[in-house]
K.L.:
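Below you'll find the structure I mean.
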Amino acid sequence: MKQVNRYLHKKILVLGLAKSGVSAASLLHKLGAFVTVNDYKPLSENPEAQGLLQQGITVICGSHPIDLLDEGFELIVKNPGIPYHNPMIEGAFARGIPVITEVELAYQISEAPFIAITGTNGKTTTTTLIYEMLLAGGKKPLIAGNIGTVASEVAQIATNDNTIVIELSSFQLMGIDEFKPKTAILTNLYDAHLDYHGTKNEYVKAKALITKNQTAVDYFIYNGDQNEVVAVSEGSNAERIPFSPHNELNHGAYTNDGWLLFNGERIMEIKDIKLPGAHNLENILSAVAASKLSGVSNEAIFQVLNTFTGVKHRLQFVGEVSGRSFYNDSKATNILATQNALAAFHEPIILLAGGLDRGNEFDELVPSLKGVKALVTFGETAGKIEKAAREAGIKMIQRVDNVEKAVPAAFDLSEANDVILLSPACASWDQYKTFEVRGDIFIDAVHKLK
């Protein structure tokens, strides 16, 4: 960890806790700052805040008092989930107080370089693949961010022998200042988080921040098949490295004649890849590019891709029961992710779908549903997804209360050699705290069938 003196005796407000807020507050306290934490959850229900209080950190819980901003803070570190139209953030900007997110702190103290991954879909799979490839190649990677441990915790133990592989959201990227990854990856861009960003343009601008500080000695790996992503790459000062599963490229990562290639060099045959789904070729190619740029051998890449079958909750094979194969794709929180999941299988599919209603319809899903044998729905969007299923010609449709009940219902609608797939096409927040909780309930329900 670098010796950082910039926060010594500085008055800093950490706004919102969760894991990143706790880590940021503890780190700033170690760096000699005068830290105040403000979290909406009452202290009596807030073990994280109680722990910080025991460290000697000032804690204010139960509300976000706007007059707190008049106490002379020189910096605010905000929880990424707090939107910028929040009165506390608007008040901070009005007072000239800079606002960052915890990942900026991680960069400032880290001795290790970063490989940073963002995009709408595929971030977690790409991050995991890169970590595994670097590990197989003897490169001493550490994994951080939305997957793994909070970035500022990882950065405290990282040395210049390590590489931090980090998944970043648009929310986190809006709070960076100096953050500069050695390698940045933009997987793809689709409509997402518009309730936070307001418009697609603002969302794209937030994602583009991943390369804003890069220079000619850095790498920007990007999806060469998406015009919006290509446009972002054109604003980067880094060396631009495209990837494409569909088109042969002059340089970068691509496929040709059944092979994965990087800069014209054959890496491995596609038939030897174990990870299902054509959409995963994008993730694989971007991971190959990052790994090759980090000096990983073809043998190490082959070892990973020949054994890696997926990340938990992302088209994860759960098991087989009475000839039915169960897959957990709880991370499919939008229509595109579910379309990709459905395209990954040739077998008859019993689809489990539904969740938070964000106001959209599911007309885009209709073509992908045409090969689905039966549908089990749950959550706020059950009716909307059923409407799309009827348009697709699905005859067997059943609505249940939750994911736990969906599993036996799907089993009853299935036969041997069918795939039973949880791919909700919606966020989980109407019924479950996270998509991970939703996926774990699915897994448990599958095991109860055995």
Side-chain angles (χ1 to χ4, degrees), residues 276-277 279 310-358 360 362 364-366 368-450:
H279 66 287
V311 178
K312 190 176 184 183
H313 308 301
R314 294 156 180 85
L315 214 58
Q316 170 200 6
F317 177 63
V318 175
E320 187 175 299
V321 181
S322 301
R324 287 84 160 163
S325 297
F326 289 80
Y327 286 84
N328 166 27
D329 194 38
S330 185
K331 180 59 172 67
T333 58
N334 57 48
I335 291 171
L336 177 66
T338 296
Q339 289 172 324
N340 286 335
L342 291 170
F345 300 100
H346 300 291
E347 301 86 351
I349 296 172
I350 316 299
L351 176 65
L352 283 60
L356 181 72
D357 190 348
R358 281 183 158 143
N360 61 288
F362 290 84
E364 296 170 61
L365 195 56
V366 172
S368 299
L369 291 174
K370 290 187 182 296
V372 171
K373 177 178 177 179
L375 173 72
V376 181
T377 63
F378 48 84
E380 291 178 353
T381 57
K384 290 183 175 182
I385 295 176
E386 289 164 11
K387 176 175 174 286
R390 286 190 290 269
E391 290 179 23
I394 298 174
K395 303 298 183 186
M396 292 191 289
I397 300 173
Q398 185 173 343
R399 187 183 303 189
V400 296
D401 293 337
N402 52 46
V403 169
E404 185 176 12
K405 292 182 179 179
V407 171
F411 185 85
D412 290 341
L413 294 170
S414 68
E415 300 174 298
N417 301 316
D418 288 351
V419 165
I420 296 178
L421 169 67
L422 172 68
S423 190
C426 304
S428 63
W429 304 324
D430 59 331
Q431 292 184 303
Y432 306 103
K433 186 176 181 181
T434 64
F435 71 82
E436 291 96 341
V437 171
R438 179 170 64 187
D440 286 338
I441 289 171
F442 174 79
I443 293 168
D444 289 343
V446 173
H447 291 322
K448 288 175 183 176
L449 292 175
K450 294 180 179 180

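We number each residue from 1, following the sequence as shown.
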K.L.:
Look at atom CD of E380 and say whether more than 12 heavy atoms of other residues, nucleotides or ligands are closer to it than 6.0 Å.
P.N.:
yes
K.L.:
The criterion is ring-ring contact (aromatic ring centres under 6.0 Å, His included); which residues satisfy it with F345, sequence neighbours excluded?
P.N.:
Y327
K.L.:
Counting C-beta onward and ignoring hydrogens, is there a side-chain heavy-atom pair between W429 and R358 closer than 4.5 Å?
P.N.:
yes
K.L.:
Can you tell which of E386, Q398, K384 makes a side-chain hydrogen bond (donor to acceptor under 3.5 Å, both in side chains) with T377?
P.N.:
E386
K.L.:
Are side-chain heavy atoms of T333 and R438 found at a separation under 4.5 Å?
P.N.:
yes
K.L.:
How long is the gap from CG on D440 to CZ on F435, to the nearest 0.5 Å?
P.N.:
10.0 Å
K.L.:
Show the nearest heavy-atom pair for residues A388 and V366, with the distance to one decimal.
P.N.:
O-CG2, 3.6 Å
K.L.:
Could you pull out the closest heavy-atom pair between I394 and A374, with the gap in Å?
P.N.:
CG2-CA, 4.1 Å
K.L.:
Please identify each residue that fulfils side-chain hydrogen bond (donor to acceptor under 3.5 Å, both in side chains) with S368, with sequence neighbours left out.
P.N.:
none
K.L.:
How long is the span from the NZ atom in K405 to the CG atom in L352, to the nearest 0.5 Å?
P.N.:
14.0 Å
K.L.:
Any side-chain to backbone donor/acceptor pair from S325 onto E320? Under 3.5 Å, distance only.
P.N.:
no
K.L.:
Would you call S423 and L351 a side-chain contact if the rule is heavy atoms closer than 4.5 Å?
P.N.:
yes
K.L.:
Just how far is it from atom CD1 of I349 to atom CD1 of I420, taken to the nearest 0.5 Å?
P.N.:
11.5 Å
K.L.:
Give the minimum heavy-atom separation between T381 and C426, together with the two atoms involved.
P.N.:
OG1-SG, 3.2 Å
K.L.:
Could you tell me the separation between the CG atom of D418 and the CG atom of L413, rounded to the nearest 0.5 Å?
P.N.:
10.0 Å
K.L.:
Is there side-chain contact between L421 and L315, with heavy atoms separated by less than 4.5 Å?
P.N.:
yes
K.L.:
Could you check if a side-chain atom of D430 sits within less than 4.5 angstrom of a side-chain atom of D357, using non-hydrogen atoms only?
P.N.:
no
K.L.:
Can you name the nearest heavy-atom pair linking D329 to A337, along with the distance?
P.N.:
OD2-O, 4.0 Å
K.L.:
Less than 4.5 Å apart, any side-chain heavy atom of M396 and any of V376?
P.N.:
no
K.L.:
What's the separation between atom CD1 in I335 and atom CG in N340, rounded to the nearest 0.5 Å?
P.N.:
12.0 Å
K.L.:
Once the angle between the rings of F411 and F326 is folded into 0 to 90°, is it parallel (under 30°), tilted (30 to 60°) or perpendicular (over 60°)?
P.N.:
parallel
K.L.:
Is the closest side-chain heavy-atom distance between I441 and Q431 below 4.5 Å?
P.N.:
no
K.L.:
I would like to know whether K312 and I443 meet side-chain contact (heavy atoms from CB on, under 4.5 Å); could you show each step before the answer?
P.N.:
CA-CA 10 Å; K312 190 176 184 183; I443 293 168; 3.8 Å; yes
K.L.:
Using the side-chain hydrogen bond (donor to acceptor under 3.5 Å, both in side chains) criterion, which residues pair with Q316? Sequence neighbours excluded.
P.N.:
N328
K.L.:
Under the side-chain contact (heavy atoms from CB on, under 4.5 Å) criterion, do L369 and F362 qualify, and how do the steps go?
P.N.:
CA-CA 10 Å; L369 291 174; F362 290 84; over 6 Å; no
K.L.:
Kindly give the heavy-atom pair with the smallest separation between S330 and G439, and that separation in Å.
P.N.:
OG-N, 3.4 Å
K.L.:
Between L422 and F378, what is the shortest heavy-atom contact and its length?
P.N.:
CD1-CZ, 3.9 Å
K.L.:
Surrounding NZ of K450 (heavy atoms of other residues, nucleotides or ligands, distance under 6.0 Å), is the total greater than 12?
P.N.:
yes
K.L.:
Does any part of the side chain of Q339, heavy atoms only, come nearer than 4.5 Å to the side chain of H279, both counted from C-beta?
P.N.:
no
K.L.:
Nearest 0.5 Å please: distance from the CZ atom of R399 over to the CD1 atom of I385.
P.N.:
10.0 Å
